[in-house]
Amino acid sequence: MYRPVPAQVDLPALEHEVLAMWEREGVFAASVAQSQGKPPWVFYEGPPTANGTPGTHHVEARVFKDVFPRYRTMKGFHVPRQAGWDCHGLPVELFVERELGFTGKQDIEAYGVAEFNSRCRESVLRHVDEFTEMTRRMGYWVDTDAAYWTMDPEYIQSVWWSLKQIFDKGLLVQDHRVAPYCPRCGTGLSDHELAQGYESVIDPSVYVRFPVTNAEFLERYPGAAFLVWTTTPWTLVANTAIAAKPTADYAVVKTAAGETLVVGTALLEQIFEEPITVLATMTGTELENLTYQRPFDYVEIPDAHYVVLADYVTTEDGTGLVHQAPAFGAEDLITCRAYGLPVVNPVMPDGHFAPAIPVVGGEFFKKADAGLIRTLKASGLMFKHVDYEHSYPHCWRCHTPLIYYAQPSWYIKTTAIKDQLLAQNEQTNWFPTSIKWGRYGDWLNNNVDWALSRNRYWGTPLPIWRCPDGHLTAVASMAELSELAGKDVSSIDPHRPYVDDITMPCPTCGLAARRVPEVIDCWYDSGAMPFAAVGYPLQNAETFRNQYPADFICEAIDQTRGWFYTLMAIGTLVFEESSYKNVVCLGHILDEDGRKMSKHLGNVLEPIGLMNEHGADALRWFMLASGSPWQARRVGHAAIGDVVRKTLLTYWNTVSFLSLYARLSKWEPVDLAPAPSQRPVIDRWVLSEANQLARDVDAALEKFDTQLAGRLLSTFIDNLSNWYVRRSRRRFWDGDPAALATLHEALRTATLCLAPFTPFITERVWQDLFRSTDPDAPKSVHLASWPEVTASEIDKRLGTDMALVRRIVELGRAARASSGVRTRQPLGRALVSAPGWSELSQQLRDQVCEELNISTVESLDDGGSGFIETTVKANFRSLGQRFGNQTPAVAGAIGAEDPAALLAAMRSAKSATLLVVGIGEVNLTEADLVITETARAGWAVAADAGESIALDLTITDELRRAGLAREIVRAIQETRKTSGLDVADRISVYWTSTDNDVLEAMTEHGDMIGAEVLALHLNQVDGDWPEAAITAVEVPETKIELRIGSV
RNA sequence: GGGCGUAUAGCUCAGCUUGGUUAGAGCGCUUCCCUGAUAAGGAAGAGGCCGGUGGUUCAAGUCCACCUAUGCCCA
């Protein structure tokens, strides 16, 4: 027996019960355990940074990470799901720094690295709890007990091992390069970290005169100066040279004000507003080695200050002459090195100019601009100064503007494996596909070496030991380190500062080697998870081999340069194979107004609160099925509320309906019901749709298309509720086993297909309808298999026929509405014209009759042609294929024909011949035409695209009395409902009337009325109401007085 | 400046892969209808130069090019 299912449901409360049940019964563990031995489908959890509070965007990714593993499990795969936490890195360090009120590295050093790192560890543990709670609440099944932590010694040793592989291949090297550097954090950043932190800022854009000092040039052009453009005036302090493009043209011009300037010819119009005179033009090559006077001589830069040549110089903006400061520009450094120019860096690692420097000494580099601009204006060197807004890289965590800064750093030479990476990308399936060749492919094509090291504290220490002679030793594990160090260090925490204290005799020269001071980019940690999560190669070698590479990973789009990249890069570096095959890449979540969610704007939707208000299923369904997952989407209470009403409650109420009437009629799913093929056509239709649903949703999920799957599911639920149940209600009241069994089966398929999407409500339904009636059913819907498709039950023809029925019903309702004859008033006859109508079975036609409350529906052709109006239009789709550019001529000829005659000819001979000007005789079949037949006046007509229905509005006395009876039934039902009677309660009806029509209707239809309203007695009252007649029934526009009472 | 998306009803979005002459859904609004599961359902109406221009084609919301706006990513 089904459990009772109340019509009203509190979804969040239901979910809490289901959560408790899952935990009590260990359902997740059981689902993984019961699939042991089945083919694996490998999923990698991208570890969230255990820092800060989880947001709605975390829920988004986690919904997708949940739905596909659940689906694959139902499809018979073994899908272990190991959680993971990203523990290291700047985010954590900064959080702790803030808590402690620190402003920089010197504070940390003073505080003590050991204590600082233990604070970091403690902060990680705190935040992981919040993520675990959110994960649990939303029903994301991932094994948090077996989670990998990137700070675990085992994990770190796996990372070390992989770094040693890369080191041994000669791809891990130290180099002195200009790289983005955060002066506040005191460390260089990698390219993908740079990608996280562009912010819009207003910077000065200055055009500065650099007076030429070459005597020969000055002789020809007295007082000439190079015009140089820069947006970083502070770097002018370190000016070393000017770069010109060798192939570009440069002009020596005389300005309106009479001064002589050298600029790129292509830029003259952009730079000068007033007319100028061109004195001479020359190529960049001719400018080479010309000397000039630099604007500031605050620091010593020997043997410098002349024009150098560089191909990268552009003549599209600026002046075509680029100021060179090799300490602050990667390209500058390369160019200046080629000329043997010195690299002078007046800025200290903390981002401030060295104190001894005039004017800017001790100032933060960005802040120096203002003073320098004042000085330039005072000295007359400033040609033009405007402010402009552009995006500039900032530290992704502390928001300090970055500085491009020459510094020694460790690199992984990813450029050396670029071709391999591109080849791996070829093998990878991206969803959406545009990412593969677009954003991600583009990123790979512009690959630069990975700046791996960080001059920080809380991270995986770089496992390289160096002796005074510079010999390098990479170490793969604590065991290996013990061996090299000559003592057992295996129980020592591999973090700083403890690991720093371990020294070894250099294996090459025997001198004492110390670890290099750097830690590594935490993005390397997460990218190493495919093997480090299981501690490979020190342990679990077999497990690792079985789950590499992943079948599926999923994150938001910001990870293209983050995790998606580091995973692929490390996999390719270490195993020469990318670590994932399919990657789903989600768009970002925005607020209701399309803005990014941020604490600053106060528009953050807190996920637990959201789920406790609407339910986790609602949030999940929204994420999966509403809008395109690839695209940025807006989330708000209204949108999620819609989802609940539209889909989840409709589904729930269908379940509730089935439970209600099955229980009333004491029906059990095991009871005998006719075989599906023996059931009424509408049952066969809904079963066909259900099978099709299981097949189509399967195909959609196979392609990771949750949006399509969601649309299929909600359409099915709507069809089930608002057509199948609506049309079959009477059969349910009567306890028809065919109807009950059909709805049971349809709901079973829908519930199974829905289970990965909305695991809570489907679990409850599973328990109430299926588990309660089938002792062999799995104890959870999530232990069940994907529904089997019974191909023999799929009937495409039935699908199109039913679609026609529903279109005709729609037209009929429109016709009723326009005629003003309400549906309650029975009508005698309707005439239908539509292609396919004549082939429709009587059962299907009956659906139209019942729904429209019409006794008979006939084909228009059977009803006599006297009142038919015919229009014939060309069917372009069909004609276009045959006639191409002659289509309009044929269409015109069709329009010119008499429709009735053409149709008559067509009907009798199956085809018709038309004379078309310019073509000759053309043979047409009915498929070439859109025929619309409608009835003439006196009927209520509705027509659309070749289909029409006409209602005979004649209301005979008999029909009027039938309408009256229906009116009475409806009024009594209404009263039953408002007075709170149960649908199964029996009543007595008392009535009185003097109206002949009513008297006659009661005689004719009394039995029907009694049966409809579950009245055991129908009493005509003469005089006073008996005591039992309690509740008055209002029957509008009808001359009857009515009361009902209990039996 | 470059790359990749996006642009369809007041709002949120389908449709575009595979071109077919009346472009859909939901929410909201107006007026009706139906209702013995439903916080539902249905009909009609108001509301669309399918961002713009040009091209391909007998035919373009759909394919192509350019432009504009906007988002993300990068320089």
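So that the names make sense, note that chain A is the first sequence line, chain B the second, and so on, each numbered from 1.
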Across the strands shown, which category fits [X] at heavy-atom distances under 4.0 angstrom: base, sugar-phosphate, nothing?
X	result
A:W733	base
A:L1014	base
A:V725	base

Check whether the side chains of A:D449 and A:T415 place a donor and an acceptor atom closer than 3.5 Å, and report yes or no. yes
Going by distance alone, is a donor N or O of one side chain under 3.5 Å from an acceptor N or O of the other, for A:W443 and A:T560? no
Kindly state each residue pair satisfying side-chain hydrogen bond (donor to acceptor under 3.5 Å, both in side chains) with at least one member in residues 652-663 of chain A, sequence neighbours excluded. none
A:D332: which residues meet the salt bridge (Lys or Arg N to Asp or Glu O under 4.0 Å) condition with it, sequence neighbours left out? none
Test salt bridge (Lys or Arg N to Asp or Glu O under 4.0 Å) applied to A:E613 - qualifying residues, sequence neighbours left out: none
Whole Å only: how far is the [atom1] atom of [X] from the [atom2] atom of [N]?
X	N	atom1	atom2	result
A:F883	B:C58	CZ	C1'	12 Å
A:W723	B:C34	CH2	C1'	13 Å
A:F716	B:A25	CZ	P	22 Å
A:L879	B:G19	CG	P	17 Å
A:R877	B:G20	CZ	P	5 Å
A:R711	B:G24	CZ	P	16 Å
A:K436	B:C73	NZ	P	24 Å
A:D705	B:G15	CG	C1'	14 Å

Between N or O atoms, less than 3.5 Å apart, protein on one side and nucleotides 59-63 of chain B on the other: list the pairs.
none

[N] and [M]: how far apart are their [atom1] atoms, nearest whole angstrom?
N	M	atom1	result
B:A9	B:A23	C1'	11 Å
B:C29	B:C58	C1'	42 Å
B:U53	B:A60	P	14 Å
B:A46	B:U38	C1'	29 Å
B:C63	B:G19	P	9 Å
B:G28	B:C64	P	38 Å
B:U6	B:G51	P	12 Å
B:G47	B:C11	C1'	12 Å

Taking for each residue the nucleotide of RNA chain B with the nearest heavy atom, is it A:P888 or A:F657 whose nucleotide lies nearer the 5' end? A:F657
For A:V969 and for A:T887, find the nucleotide of RNA chain B with the closest heavy atom, then tell me which residue's nucleotide is more 5'. A:V969
Looking at A:D736 and A:R730, is any side-chain nitrogen of the basic one under 4.0 Å from a carboxylate oxygen of the acidic one? no
Please identify each residue that fulfils ring-ring contact (aromatic ring centres under 6.0 Å, His included) with [X], with sequence neighbours left out.
X	answer
A:W667	none
A:F732	A:F657
A:Y724	none
A:H744	A:Y2, A:F770

A:K436 side-chain N/O to A:T428 backbone N/O, donor-acceptor pair under 3.5 Å: yes
Runs of at least three consecutive pairs that involve RNA chain B, where pairs are Watson-Crick or G-U with distances under 3.5 Å: B:1-7 with B:68-74, B:10-13 with B:24-27, B:29-33 with B:41-45, B:51-55 with B:63-67
Sequence-distant partners of A:R727, side chain to side chain donor-acceptor pair (under 3.5 Å), two or more places apart: A:Q847, A:E850, A:E851
Let's go through A:M1008 and A:V969 carefully: what are the C-alpha distance in whole Å and the side-chain angles of both, what is the deciding distance for side chain to side chain contact (heavy atoms under 4.5 Å, CB included) to 0.1 Å, and is it a yes or a no? CA-CA 9 Å; A:M1008 182 276 285; A:V969 167; 4.2 Å; yes
Identify the pairs formed between an N or O of the protein and an N or O of nucleotides 38-41 of chain B at a distance under 3.5 Å, and give each distance.
from  : atom 1 : to     : atom 2 : distance (Å)
B:U38 : O2'    : A:N653 : ND2    : 3.4
B:A39 : N6     : A:V9   : N      : 3.3
B:A39 : N6     : A:V9   : O      : 3.1
B:A40 : OP1    : A:R645 : NE     : 3.4
B:G41 : OP1    : A:K646 : NZ     : 3.0

Are A:R764 and A:D768 close enough, and set up right, to give a side chain to side chain contact (heavy atoms under 4.5 Å, CB included), and what steps lead you there? CA-CA 6 Å; A:R764 174 61 187 273; A:D768 289 350; 2.7 Å; yes
Write out a two-atom table: protein N or O, nucleotide N or O from nucleotides 3-8 of chain B, distance below 3.5 Å.
none

Sub-6.0 Å ring centroid separation between A:F431 and A:F704: yes
